[in-house]
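What follows is one structure encoded as structure tokens, with my remarks underneath.
For ligands, and for the atoms within them, numbers begin at 1 and follow the listed sequence.
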Amino acid sequence: MKNKTLKRIILFASGSGSNVQNIIEYFSAFDRITTDLVLTNNKKAGVLDRAKSLNVPFYVFNKEEYLDDSLLNKLQSIKPDLIILAGFLLKIPKSIITAFPDKIINIHPALLPKHGGKGMYGDRVHQSVIDSGDIETGITIHYVNENYDEGSIIFQRAVEVSKADTVESIANKVHQLEHKHYPEVVHQLLKDQ
Ligand code: GRF
């Protein structure tokens, strides 16, 4: 890090949250980087149990808060250095994107620009890889802009797909890549700020 000031991260997820947990655990070893908040739109999301057991503040927001300025105000009061999406399914409102230029990143479970866009999440992505007969898939970490999966790419890593692979086996391989690289890429971005 260029200076030793405190760095704050905020995480968004809609589902299980294994990436969120992994990122929180990775940064627990760094006392100048704090996970200030886990946000979700889904009150049943597994990520909430993970945040609770890791003692990280969390908040479930509703549609109104998301679309008016309430959530934006909450984010601005924390002044995050990075906002990290990990399995977050809603489109980020323009007001939030504008307020945090180059500070919102996402991970996509395939090699963008292939297998991305609206409706391409979870198993649908891996099924699309199988249906296309691709011989590799992987992960893409990218900045978030107003269109699904179209922001500039920060990092990609590929993994082989064989004829024997299923949606489940591809999902496992991709998760392994995500868990290895997402915290490292976040860390590098924070160091470069
Ligand atoms: C990951 O595969 C991520 O790439 C995608 O959603 C999945 C979330 O997994 N955007 P988890 O909830 O972190 O386990």
- Query: Do Gln76 and Asn73 touch side chain to side chain, with heavy atoms closer than 4.5 Å?
  - Reply: yes
- Note on the structure: Atoms of ligand 1 under 4.0 Å from any heavy atom of Ser16, numbered from 1 in the order shown, are 12 (O), 14 (O)
- Query: If you measure from each heavy atom of His175 to ligand 1, is any distance below 4.0 Å?
  - Reply: yes
- Message: Listing request: all side-chain hydrogen bond (donor to acceptor under 3.5 Å, both in side chains) pairs with a residue in residues 111-124, at least two apart in sequence or in separate chains.
- Response: Lys114-Asp134, His115-Ser128, His115-Asp134, Tyr121-Arg124
- Message: Between His187 and Phe27 (judged by ring centroids, cut-off 6.0 Å), do the two rings come close enough to count as a pair?
- Response: yes
- Identify the closest protein heavy atom to atom 7 (C) of ligand 1: which residue and atom is it, and at what distance? Gly87 CA, 4.1 Å
- Message: Under a 3.5 Å distance rule, please check whether Thr35 uses its side chain to pair with a backbone N or O of Ile24 as donor and acceptor.
- Response: no
- Give yes if a backbone or side-chain nitrogen or oxygen of Gly17 is under 3.5 Å from a nitrogen or oxygen of ligand 1, and no if not. yes
- Does Phe12 reach the side chain of Ile84, with side-chain heavy atoms less than 4.5 Å apart? no
- Task: Output all residues satisfying salt bridge (charged side-chain N to carboxylate O under 4.0 Å, His left out) with Arg50, sequence neighbours left out; order by chain, then residue number.
- Result: none
- Query: Heavy-atom contact under 4.0 Å between Ile107 and ligand 1?
  - Reply: yes
- Query: Does Asn19, backbone or side chain, put an N or O under 3.5 Å from an N or O of ligand 1?
  - Reply: yes
- Considering heavy atoms of the protein only, find what lies nearest to atom 4 (O) of ligand 1 and give residue, atom and distance to 0.1 Å. Glu178 OE2, 2.3 Å
- heavy-atom search around atom 14 (O) of ligand 1 in the protein gives Ser18 OG, 2.5 Å
